[in-house]
Amino acid sequence: MMASSSYSNSPCAACKFLRRKCMPDCIFAPYFPPEEPQKFANVHKIFGASNVSKILNEVQPYQREDAVNSLAYEAEARIKDPVYGCVGAISVLQRQVLKLQKELDATNADLIRYSTCSEMPNSSSSSSLHHGGRSKMSSDDGGGGGGGGSSHGLSFYYSSANWNNDHSENGYPRGDI
(Lines give C-alpha, C1' and ligand atoms only; values in the text may rest on other atoms or scores of the structure.)
Protein backbone atom coordinates (compact mmCIF):
# COMPACT_ATOMS: atom_id res chain seq x y z
CA MET A 1 0.00 0.00 0.00
CA MET A 2 1.70 3.25 1.05
CA ALA A 3 4.93 1.44 1.94
CA SER A 4 5.72 0.37 -1.63
CA SER A 5 5.50 3.94 -2.97
CA SER A 6 7.98 5.23 -0.38
CA TYR A 7 10.68 2.74 -1.36
CA SER A 8 11.16 4.03 -4.85
CA ASN A 9 11.13 7.71 -3.86
CA SER A 10 12.93 7.92 -0.53
CA PRO A 11 13.36 5.90 2.62
CA CYS A 12 10.76 6.12 5.35
CA ALA A 13 11.34 8.59 8.16
CA ALA A 14 12.56 5.82 10.46
CA CYS A 15 15.15 4.41 8.06
CA LYS A 16 16.32 7.89 7.14
CA PHE A 17 16.69 8.79 10.83
CA LEU A 18 18.51 5.53 11.56
CA ARG A 19 20.62 5.97 8.40
CA ARG A 20 19.84 2.60 6.97
CA LYS A 21 18.42 1.27 3.74
CA CYS A 22 14.63 1.05 3.71
CA MET A 23 13.76 -2.50 2.69
CA PRO A 24 10.44 -3.50 1.07
CA ASP A 25 9.35 -5.28 4.26
CA CYS A 26 10.25 -2.38 6.57
CA ILE A 27 7.90 -2.45 9.56
CA PHE A 28 8.17 1.34 9.98
CA ALA A 29 7.48 2.46 6.39
CA PRO A 30 3.65 2.37 6.41
CA TYR A 31 3.48 4.38 9.64
CA PHE A 32 6.40 6.80 9.43
CA PRO A 33 6.28 8.40 5.97
CA PRO A 34 9.30 10.42 4.75
CA GLU A 35 7.36 13.68 4.98
CA GLU A 36 6.90 13.26 8.78
CA PRO A 37 10.46 12.91 10.11
CA GLN A 38 9.69 14.56 13.48
CA LYS A 39 7.08 11.93 14.28
CA PHE A 40 9.68 9.15 14.26
CA ALA A 41 12.33 11.33 15.90
CA ASN A 42 10.01 11.91 18.89
CA VAL A 43 9.01 8.24 19.13
CA HIS A 44 12.66 7.13 18.84
CA LYS A 45 13.76 9.60 21.53
CA ILE A 46 11.23 8.31 24.04
CA PHE A 47 10.83 4.61 23.18
CA GLY A 48 13.77 3.66 20.96
CA ALA A 49 13.59 2.04 17.52
CA SER A 50 14.03 -1.49 18.87
CA ASN A 51 11.10 -1.20 21.29
CA VAL A 52 8.86 0.33 18.63
CA SER A 53 9.77 -2.47 16.24
CA LYS A 54 8.94 -5.08 18.91
CA ILE A 55 5.60 -3.43 19.65
CA LEU A 56 4.67 -3.30 15.96
CA ASN A 57 5.59 -6.95 15.47
CA GLU A 58 3.58 -8.05 18.51
CA VAL A 59 0.30 -6.34 17.60
CA GLN A 60 -2.05 -7.42 14.83
CA PRO A 61 -1.53 -5.63 11.49
CA TYR A 62 -4.91 -3.87 11.77
CA GLN A 63 -3.87 -2.46 15.18
CA ARG A 64 -0.48 -1.10 14.11
CA GLU A 65 -1.64 2.29 12.93
CA ASP A 66 -3.44 2.92 16.22
CA ALA A 67 -0.38 1.73 18.14
CA VAL A 68 1.89 4.12 16.22
CA ASN A 69 -0.54 7.00 16.73
CA SER A 70 -0.61 6.25 20.47
CA LEU A 71 3.17 6.05 20.65
CA ALA A 72 3.53 9.31 18.72
CA TYR A 73 1.02 11.06 20.99
CA GLU A 74 2.69 9.81 24.15
CA ALA A 75 6.15 10.69 22.82
CA GLU A 76 5.09 14.24 22.01
CA ALA A 77 3.46 14.58 25.42
CA ARG A 78 6.59 13.23 27.15
CA ILE A 79 8.75 15.72 25.30
CA LYS A 80 6.48 18.60 26.38
CA ASP A 81 6.09 17.29 29.95
CA PRO A 82 8.84 14.78 30.83
CA VAL A 83 7.38 13.96 34.24
CA TYR A 84 3.69 13.37 33.54
CA GLY A 85 3.45 13.03 29.76
CA CYS A 86 -0.07 12.51 28.47
CA VAL A 87 -1.31 11.70 31.98
CA GLY A 88 -0.65 15.34 32.88
CA ALA A 89 -2.68 16.51 29.88
CA ILE A 90 -5.51 14.13 30.78
CA SER A 91 -5.45 15.36 34.39
CA VAL A 92 -5.70 19.00 33.28
CA LEU A 93 -8.64 18.15 31.03
CA GLN A 94 -10.39 16.21 33.81
CA ARG A 95 -10.05 19.19 36.14
CA GLN A 96 -11.52 21.43 33.45
CA VAL A 97 -14.44 19.04 32.99
CA LEU A 98 -15.12 19.00 36.76
CA LYS A 99 -14.95 22.79 36.93
CA LEU A 100 -17.31 23.16 33.98
CA GLN A 101 -19.67 20.54 35.44
CA LYS A 102 -19.85 22.48 38.70
CA GLU A 103 -20.48 25.67 36.75
CA LEU A 104 -23.22 23.94 34.74
CA ASP A 105 -24.81 22.55 37.91
CA ALA A 106 -24.81 26.02 39.48
CA THR A 107 -26.34 27.53 36.35
CA ASN A 108 -29.02 24.82 36.23
CA ALA A 109 -29.80 25.45 39.90
CA ASP A 110 -30.16 29.17 39.13
CA LEU A 111 -32.48 28.36 36.23
CA ILE A 112 -34.58 26.08 38.42
CA ARG A 113 -34.85 28.84 41.03
CA TYR A 114 -35.80 31.34 38.33
CA SER A 115 -38.33 28.92 36.90
CA THR A 116 -39.99 28.19 40.25
CA CYS A 117 -39.96 31.87 41.25
CA SER A 118 -41.54 32.95 37.98
CA GLU A 119 -44.33 30.36 38.31
CA MET A 120 -45.32 31.24 41.90
CA PRO A 121 -46.60 34.81 41.50
CA ASN A 122 -48.66 33.97 38.43
CA SER A 123 -52.43 33.75 38.74
CA SER A 124 -54.58 30.83 37.59
CA SER A 125 -55.09 32.45 34.17
CA SER A 126 -51.38 32.48 33.45
CA SER A 127 -50.90 28.99 34.90
CA SER A 128 -53.06 27.58 32.12
CA LEU A 129 -50.52 29.02 29.67
CA HIS A 130 -47.69 27.34 31.54
CA HIS A 131 -49.42 23.99 31.64
CA GLY A 132 -50.53 24.18 28.01
CA GLY A 133 -46.96 23.53 26.87
CA ARG A 134 -46.77 20.48 29.14
CA SER A 135 -49.36 18.22 27.56
CA LYS A 136 -46.66 15.67 26.79
CA MET A 137 -45.36 15.99 30.36
CA SER A 138 -48.83 15.43 31.85
CA SER A 139 -49.26 12.07 30.20
CA ASP A 140 -45.70 10.95 30.94
CA ASP A 141 -45.48 11.76 34.66
CA GLY A 142 -48.47 9.74 35.75
CA GLY A 143 -51.19 12.36 35.47
CA GLY A 144 -52.03 15.65 37.00
CA GLY A 145 -49.54 17.91 35.33
CA GLY A 146 -50.62 20.59 37.74
CA GLY A 147 -48.86 23.25 39.75
CA GLY A 148 -45.13 23.58 40.04
CA GLY A 149 -44.88 19.80 40.04
CA SER A 150 -43.22 17.59 42.57
CA SER A 151 -40.40 16.68 40.18
CA HIS A 152 -38.54 19.96 39.76
CA GLY A 153 -36.00 18.42 37.40
CA LEU A 154 -38.60 17.49 34.80
CA SER A 155 -40.81 20.52 35.29
CA PHE A 156 -37.78 22.72 34.81
CA TYR A 157 -37.05 21.38 31.36
CA TYR A 158 -40.64 21.64 30.26
CA SER A 159 -41.27 25.02 31.82
CA SER A 160 -38.14 26.44 30.26
CA ALA A 161 -39.78 26.02 26.86
CA ASN A 162 -42.47 28.47 27.95
CA TRP A 163 -40.13 31.39 28.52
CA ASN A 164 -37.95 30.58 25.52
CA ASN A 165 -40.08 29.88 22.46
CA ASP A 166 -37.07 29.30 20.21
CA HIS A 167 -36.89 25.97 18.49
CA SER A 168 -33.81 23.79 18.55
CA GLU A 169 -31.95 22.56 15.47
CA ASN A 170 -34.28 19.57 15.07
CA GLY A 171 -37.41 21.75 15.00
CA TYR A 172 -38.83 20.73 18.39
CA PRO A 173 -39.34 23.24 21.17
CA ARG A 174 -36.41 22.91 23.52
CA GLY A 175 -38.51 21.51 26.36
CA ASP A 176 -40.14 18.74 24.30
CA ILE A 177 -36.99 16.81 23.41
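Because only heavy atoms are used, hydrogens play no part in the values below, and waters and symmetry mates are left out as well, while side chains stay in.
With sequence neighbours excluded, no residue forms a ring pair (Phe, Tyr, Trp, His ring centres under 6.0 Å) with Phe47.
Residues Phe32 and Val59 do not share a hydrophobic cluster, clusters being chains of Ile/Leu/Val/Met/Phe/Trp/Tyr side chains in contact below 4.5 Å. With hydrophobic clusters built from ILVMFWY side chains whose heavy atoms lie under 4.5 angstrom apart, Tyr73 does not share a cluster with Val43. Note on Val87: it does not cluster hydrophobically with Leu71, by side-chain heavy-atom contacts below 4.5 Å among ILVMFWY residues.
For the atom pair Leu93 CG and Leu98 CG, the distance stands at 11.0 Å (nearest 0.5 Å). Taking CG of Leu56 as the start and CD1 of Ile27 as the end, the distance is 5.0 Å to the nearest 0.5 Å. Considering NE2 of His44 and CD of Gln38, their distance stands at 13.0 Å, rounded to 0.5 Å. A distance of 10.0 Å separates OG1 in Thr107 from CG in Leu100, rounded to the nearest 0.5 Å. Summarising the geometry, atom CD belonging to Glu74 is positioned 11.5 Å from atom CG belonging to Asn42; distances are rounded to the nearest 0.5 Å.
Shown here for Arg78 and Val83, the closest heavy-atom pair between the two residues is NH1-O, 3.0 Å. The heavy-atom pair separating Cys12 from Cys26 by the smallest distance is SG-SG, 3.8 Å. Closest approach of Phe40 and Ala49 over heavy atoms only: CZ-CB, 4.0 Å.
The residues Lys99 and Glu103 are annotated as not salt-bridged, no charged nitrogen and carboxylate oxygen being separated by less than 4.0 angstrom.
Contact check for Ser53 versus Phe28: side-chain heavy atoms found under the 4.5 Å cut-off. Under the 4.5 Å side-chain criterion, counting only non-hydrogen atoms from C-beta, Asn108 is in contact with Leu104. Considering only heavy atoms from C-beta on, Asn69 comes within 4.5 Å of Lys39 through its side chain.
In terms of modelled atom types and a separation under 3.5 Å, the side chain of Glu36 and the main chain of Pro33 share no donor-acceptor contact.
Crowding of Glu65 atom CD: a count of heavy atoms from other residues, nucleotides or ligands under 6.0 Å not exceeding 12.
Listed by first then second residue, pairs satisfying side chain to side chain donor-acceptor pair (under 3.5 Å) with a partner in residues 81-92 read Ser91-Arg95, not counting sequence neighbours.
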Show, in sequence, the C-alpha distance, side-chain angles and deciding distance for Arg113 and Asp110, and conclude whether the salt bridge (Lys or Arg N to Asp or Glu O under 4.0 Å) test is met.
CA-CA 5 Å; Arg113 269 182 278 168; Asp110 289 345; 2.6 Å; yes
